[in-house]
Amino acid sequence: MSGFRGLGLAAWLAEQAQQLGIGRPTPVQAACIPPILQGRDCMGCAKTGSGKTAAFVLPVLQKLSEDPYGIFCLVLTPTRELAYQIAEQFRVLGKPLGLKDCIIVGGMDMVAQALELSRKPHVVIATPGRLADHLRSSRTFSLRKIKFLVLDEADRLLEQGCTDFTKDLEVILGAVPAARQTLLFSATLTDTLNELKSLAMNKPFFWESQAEVRTVDELVQRYLLVPERVKDAYLVHLIQTFQDEHEDWSIIIFTSTCKNCQILNMMLKKFNFPSVALHSMMKQKQRFAALAKFKSSVFKILIATDVAARGLDIPTVQVVINHNTPGLPKIYIHRVGRTARAGRHGLAITLVTQYDIHLVHAIEEQIKTKLQEFSVEERAVLGILTQVNVARRECEIKLEATDFDEKKEINKRKQMILEGKDPDLEAKRKAELAKIKKKNKQFRERVQQTLQEKKQLQLKRKLQKKARRQQRRSAKEEK
Ligand SMILES: Nc1ncnc2c1ncn2[C@@H]1O[C@H](COP(=O)(O)OP(=O)(O)OP(=O)(O)O)[C@@H](O)[C@H]1O
């Protein structure tokens with residue numbers, strides 16, 4: 001027996017997978033499915049696009065079919081879009097079971113979600129913040145009987161990035177039973193291995209792909225050294241070239257902030273490129289709509305912040321452009337992993353300014369590959385430079401006239417309230433802290449000034465003494 005049947009999966013499930021093009025197990029699936037079926041906890045670390053999702057979805061479905069009840073499995077994931085994608089995999093692979101799933105993410109109606117949770121779905125796929133909110137406020141559902149807890153992109157869930165999940169995870173871990181199977185997956189698990197081990201205590205099985213290079217072989221990785229102020233002209237030139245040279249093309253551009261994402265999108269539209277933005281300051285419905293239109297190739301360019309860096313599986317993406325060099329190698333690995341998935345080829349180009357060279361070295365060291373330089377026709381870039389810079393400035397002015405920054409402030413306040421903080425109190429605290437810092441600085445400056453004055457005085461006295469001594473000596477000589 002070979003394939004998925006050989007790993008211990010039932011015929012109906014192997015057949016269902018086959019129908020969806022999942023015929024032969026990938027290495028992470030071959031390694032992790034048998035121990036999961038044996039009841040062990042599992043930590044799986046494999047490259048982007050290597051099929052980690054099916055590595056947990058398939059054994060969970062098999063176990064569910066043997067003893068179906070709700071709520072059987074809880075999957076946590078860092079982003080809302082990813083939650084929908086995972087739910088889709090459960091739905092299509094679990095169709096013969098009549099699987100009931102439920103997605104619990106922020107930005108969607110909480111009452112409707114509470115109702116769905118009370119109907120005991122087999123699988124709940126959630127982002128930690130919204131699920132913790134439900135646990136804090138509702139008694140209409142229980143996670144006390146779950147068999148599986150899955151943490152997809154587990155390292156992201158545990159790290160304390162700009163969205164810190166720690167408090168929400170504490171609430172969730174307090175609500176799930178100790179006797180459960182815990183499955184942890186990511187392309188970058190190793191940094192947080194110790195924290196992860198404390199979560200998976202049931203004879204955890206750890207599997208990591210053996211390849212030294214951390215990115216896939218099918219991915220061509222290039223960098224382009226550009227001065228900061230001509231970055232956008234290079235970007236426009238790159239896109240224009242892909243558009244001219246390829247019939248069927250699709251690009252993701254990653255950028256550092258929501259504001260830059262918005263400006264780049266406005267700017268590319270000025271050049272008639274079919275682009276769409278995805279960032280956390282958009283309403284959730286707009287986020288889903290943008291992604292759906294990109295997936296269906298209505299828009300060929302997706303400009304996104306790191307909200308889209310992990311997990312998204314869009315097979316048509318051929319190129320990833322990093323408009324900024326990622327500050328962490330781990331983020332680079334996930335971003336470029338949006339292309340060259342499941343054996344396909346892809347290209348990643350990172351725009352690097354003179355200030356980012358150390359970041360490229362750190363990336364190269366982590367991924368164990370040297371990035372090669374990408375060559376472009378400099379003259380063509382210079383030819384559009386003024387036009388692009390003017391377009392960008394116009395977009396910046398246009399955005400400044402909207403309430404974009406104000407919205408950001410409102411969102412910040414909302415986030416604080418959700419975290420149980422009082423935004424006004426926090427602002428007061430911040431102001432007080434700034435005052436104390438200012439006072440300390442002034443005090444330090446005064447001390448410095450006094451010391452300087454003292455030193456100068458000492459020097460002056462020394463010089464006066466020396467002069468007097470010299471005067472006495474000359475007077476003596478004259479006598
Ligand atoms: N055994 C298989 N054979 C062929 N295709 C597969 C197989 N398993 C999964 N796939 C496909 O490979 C693609 C990538 O899978 P998946 O999204 O699970 O990757 P991943 O390892 O989770 O990546 P990332 O780290 O980026 O989240 C999906 O389109 C999936 O349907």
Side-chain angles (χ1 to χ4, degrees), residues 2-7 9 13-34 36 42-61 75-95 125 150-157 183-192 207-209 211 214-219 250 252 254 291 295 304 306-318 320 329-346 348 367:
S2 66
F4 284 107
R5 293 283 287 130
L7 302 178
L9 288 183
L13 196 48
E15 235 164 70
Q16 188 67 8
Q18 174 89 49
Q19 276 181 24
L20 297 166
I22 302 178
R24 245 188 6 190
T26 62
V28 65
Q29 292 162 356
C32 296
I33 290 174
I36 297 173
C42 176
M43 292 190 271
C45 181
K47 292 182 188 181
T48 51
S50 61
K52 293 185 287 295
T53 318
F56 64 79
V57 170
L58 289 168
V60 166
L61 286 175
V75 183
L76 296 177
T77 186
T79 67
R80 301 166 183 180
E81 286 75 12
L82 211 42
Y84 276 77
Q85 188 179 292
I86 295 167
E88 181 67 20
Q89 283 246 358
F90 267 108
R91 218 168 285 160
V92 288
L93 286 166
K95 199 163 181 239
I125 303 106
V150 183
L151 268 67
D152 189 37
E153 308 294 346
D155 56 326
R156 175 65 195 93
L157 291 171
L183 315 180
L184 311 167
F185 284 91
S186 176
T188 50
L189 272 189
T190 24
D191 296 355
T192 37
W207 188 83
E208 188 176 17
S209 67
R214 313 250 328 253
T215 44
V216 296
D217 298 342
E218 294 80 4
L219 178 68
S250 159
I252 299 186
F254 283 106
L291 194 60
K295 276 186 172 174
D306 282 321
V307 77
R310 284 180 179 254
L312 289 186
D313 182 52
I314 306 166
T316 50
V317 176
Q318 295 142 346
V320 166
K330 185 198 272 224
I331 296 180
Y332 174 87
I333 293 173
H334 287 284
R335 279 185 179 186
V336 300
R338 293 319 98 214
T339 185
R341 299 175 66 75
R344 292 182 193 85
H345 289 270
I367 63 170

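Both counts, for ligands and for their atoms, begin at 1 and track the order of listing. Note that these values count all heavy atoms, side chains included, but never hydrogens, waters or copies made by symmetry.
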Point to revise | Contact atoms of ligand 1, heavy-atom distance to Glu153 under 4.0 Å | key: 27 (O)
Exercise for review: Provide the number and element of each atom of ligand 1 under 4.0 Å from a heavy atom of Ser50.
Suggested key: 19 (O), 20 (P), 21 (O)
Revision key, fill the gap. Per-atom filter on ligand 1: closer than 4.0 angstrom to a heavy atom of Arg341 are 14 (C), 16 (P), 17 (O), 19 (O), 20 (P), 23 (O), 24 (P), 26 (O)
Revision key, fill the gap. Near Ala342 (heavy-atom distance under 4.0 Å), the atoms of ligand 1 are 12 (O), 13 (C)
Study note, to complete from the structure: For Gln89, the ligand 1 atoms with a heavy-atom partner under 4.0 Å come out as 31 (O)
Practice item. Look only at interatomic distance and state if Thr48 has a nitrogen or oxygen under 3.5 Å from any nitrogen or oxygen of ligand 1. Key: no
**Study point:** Any donor-acceptor N or O pair under 3.5 Å, side chains Thr48, His334
**Key:** no
Review point. Which pairs with one or both residues in residues 308-318 pass salt bridge (charged side-chain N to carboxylate O under 4.0 Å, His left out), sequence neighbours excluded?
Key: Glu153-Arg310, Asp155-Arg310, Asp313-Arg341
Point to revise | Ligand-side contact atoms (ligand 1) for residue partner Lys47, heavy atom cut-off under 4.0 Å | key: 21 (O)
**Study point:** Within-cut-off N or O pair, Arg24 and ligand 1, under 3.5 Å
**Key:** yes
Review point. Of all the atoms in ligand 1, which lie at a distance below 4.0 Å from a heavy atom belonging to Thr53?
Key: 16 (P), 17 (O), 18 (O), 22 (O)
**Study point:** N or O pair under 3.5 Å between Gly49 and ligand 1
**Key:** yes
